Amino acid sequence: MTILIDFNNVGQRLKDFESEEFEHRYAESPLLRGLAYTLISLEWEGTPEILSDAFTPGEVDQNGFELTLSRLGYQCRTTHYSSASDLADKDIHFPCFIELEKFSAVLMSIDNGEGVLFDYRNNNTVTVSLVDVPFAITVVSEYSKLFREPPPESQDKSNWIKYAFYRYNNEFKSLVFLSLVINILSALQPFFIMGVYNFALSSSSIPTLYWLTSFALFLAFSEYIFRRVRMKVLATSGQDLAVHISRNVIAKLLWLPYSMTSSAGVSSQMARLKDIDQFRKLVTAESTLSYFDLPFVVLFIVAITILSGYAALTVLVGILLMIVFCLYSRYLYTQATSKSSRANAMVSYQWNELLRGITTLQGLPLLRIIQSRFKAAHEQSIF
């Protein structure tokens, strides 16, 4: 998109953002004008409509400035200073937002303690002395100007997948804690069932049976509530993570070097996207919750083994055989699905190339022929 915009033609960019249809928006929210001039100087490729939609007002203009730029992908940093002399050894990138005691503006430059400010409320430029005057400056980071995202917070700065998961560390911790509580509640229910046989039936005590039943219902209801909370966490953060992964994958595929994509056929590109989609579903599907339950299940099995001794060996052997069978079945299913997807993509590509070379088919029911051939080809690729 940036190649369609002449960033050197600043006058035309200003005319685009100073059109009459946006004058009422500037009158309602003067900060929009300051944001527009700031984004033009940052060589932002967006339009006034995008800026108007992304505008997020705050309690003060400084908050609105930071929130709006954050929605557009920039990262801002606010620093408080007591005087312009504090900026002598600082590398400040202009323009930036400045918040004085009773005045807010866009700081264009500083020279000998004199700051050149753009007053977006009155649409003019003023010069203000910043010597011995406290102020706060909101600066856009250089990294986000280039990559339109915050710098990676993981140790491996080149691994965007690790960064995507790093953003959801709190959600992962919540899922682990909820899984622990759910597994504890699930493990307690058999103890209440054994309590019925050991205490209620042996003593023929109806009140004891009522108490045990009440506790069992309470545990079942509590487990249901915790499972609902866990599903809500997965439904919200999981979907956000899926969108984040898909957006980054598509963006990186579009920016692959030409030498890597020119020789690749349509079928191989489609198969690559299918594989990425399978990974996205793996990390966001409901079945992913079983991975959080697995460590606690293993812990409970070890505890039962310690308590039961050699009697638990039969159960452990059965569990081991079940795991081996499940892994083998999953492997076969994955291989079959991958082959089917690649075969379908190859068949579609071949038919596309074939039909593209046919100029006309006269006297034949073209639609029925194509449908029957596609159906037969797909059946062959599946079986």
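In this text the structure is predicted, and so the values were computed from the model without any measurement.
Remark: F94 CZ is packed, more than 12 non-hydrogen atoms of other residues, nucleotides or ligands lying under 6.0 Å away. Atom CZ of F55 has more than 12 neighbouring heavy atoms from other residues, nucleotides or ligands inside a 6.0 Å radius. Summarising the local packing, CG of D132 is surrounded by 12 or fewer heavy atoms from other residues, nucleotides or ligands at distances under 6.0 Å. For F221, the CZ atom counts as loosely surrounded, since its 6.0 Å shell holds 12 or fewer non-hydrogen atoms of other residues, nucleotides or ligands. Other residues, nucleotides and ligands contribute at most 12 non-hydrogen atoms within 6.0 Å of the CD atom of E101. Environment of CD in E59: sparse, with no more than 12 heavy atoms of neighbouring residues, nucleotides or ligands closer than 6.0 Å.
Heavy atoms only, all atoms of each residue included: S83 and F135 are closest at C-CE2, 3.7 Å. In terms of heavy atoms, G58 sits closest to N63 at CA-CB, 4.1 Å. Scanning all heavy atoms of the two residues, the minimum distance from A136 to T78 falls at CB-CG2, 4.4 Å. In this structure, E18 and Y37 approach most closely via the heavy-atom pair OE2-OH, 2.7 Å.
There is a side-chain donor-acceptor pair under 3.5 Å between D86 and S82.
Side-chain contact check for S129 versus V133: every heavy-atom pair is 4.5 Å or farther apart. Contact check for L39 versus L69: side-chain heavy atoms found under the 4.5 Å cut-off. F97 is listed as a side-chain neighbour of Q62, based on a closest heavy-atom distance under 4.5 Å. Considering only heavy atoms from C-beta on, T79 comes within 4.5 Å of Y81 through its side chain. Under the 4.5 Å side-chain criterion, counting only non-hydrogen atoms from C-beta, R228 is not in contact with M231. In this structure, the side chains of T125 and D119 stay at 4.5 Å or more apart for every pair of heavy atoms. Looking at heavy atoms from C-beta onward, E66 lies out of side-chain contact with D61 at the 4.5 angstrom threshold. Using a 4.5 Å heavy-atom threshold, the side chains of R230 and S179 count as touching.
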- Please walk me through it: do S70 and Q75 pass side-chain contact (heavy atoms from CB on, under 4.5 Å)? CA-CA 6 Å; S70 298; Q75 185 188 38; over 6 Å; no
- Task: Kindly determine whether L117 and M108 satisfy side-chain contact (heavy atoms from CB on, under 4.5 Å), including the steps that lead there.
- Result: CA-CA 6 Å; L117 311 181; M108 311 297 293; over 6 Å; no
- Task: With side-chain contact (heavy atoms from CB on, under 4.5 Å) as the test, would you mind laying out the steps for Y74 and L42 before giving the verdict?
- Result: CA-CA 10 Å; Y74 295 96; L42 295 178; 4.3 Å; yes
- Item | Residues N124, F118; criterion side-chain contact (heavy atoms from CB on, under 4.5 Å); working and verdict | CA-CA 6 Å; N124 60 5; F118 172 67; over 6 Å; no
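Checked by atom type and distance alone, the side chain of N112 never pairs as donor or acceptor with a backbone atom of E114 at under 3.5 Å. Under the 3.5 Å distance criterion, the side-chain polar atoms of S52 are left unmatched by any main-chain donor or acceptor of P48. The backbone N or O of F65 sits nowhere less than 3.5 Å from a side-chain atom of T68 that would complete a donor-acceptor pair.
Using a 4.0 Å cut-off between charged nitrogen and carboxylate oxygen, R33 and E23 count as a salt-bridge pair. Salt-bridge check for E28 with R25: passed, with a basic side-chain N closer than 4.0 Å to an acidic carboxylate O.
To the nearest 0.5 Å, the span separating CG on L31 from OH on Y26 amounts to 11.0 Å. One distance of note links CZ of R121 with OG of S29; it measures 9.5 Å at 0.5 Å rounding. Distance check, rounded to the nearest 0.5 Å: CG of D111 to CG of L130 gives 11.5 Å. Note that CG of L320 and CZ of F325 are 14.0 Å apart. Values are rounded to the nearest 0.5 Å. Here M322 contributes atom CE and S329 contributes atom OG; the two are 11.5 Å apart, rounded to the nearest 0.5 Å. Once rounded to the nearest 0.5 Å, the distance linking CG of L185 with CZ of R227 reads 9.0 Å.
For the side-chain contact (heavy atoms from CB on, under 4.5 Å) criterion with L107, the lone passing option out of V139, V116, I137, T138 is I137.
Taking hydrophobic clusters as Ile, Leu, Val, Met, Phe, Trp and Tyr residues chained together by side-chain heavy-atom distances below 4.5 Å, L14 shares a cluster with L32. I110 and V126 fall within a single hydrophobic cluster, where Ile, Leu, Val, Met, Phe, Trp and Tyr side chains are chained together by heavy-atom contacts under 4.5 Å. In terms of hydrophobic clustering, with Ile, Leu, Val, Met, Phe, Trp and Tyr side chains grouped at heavy-atom distances under 4.5 Å, L219 and L178 are assigned to a common cluster. V233 and V176 fall within a single hydrophobic cluster, where Ile, Leu, Val, Met, Phe, Trp and Tyr are joined by side-chain heavy atoms under 4.5 Å apart, directly or via other members. The hydrophobic cluster containing I182 does not contain L217, counting ILVMFWY residues as joined when their side-chain heavy atoms lie under 4.5 angstrom apart, directly or transitively.
W44 and F17 have tilted rings, their planes meeting at an angle from 30° to 60° on a 0 to 90° scale.
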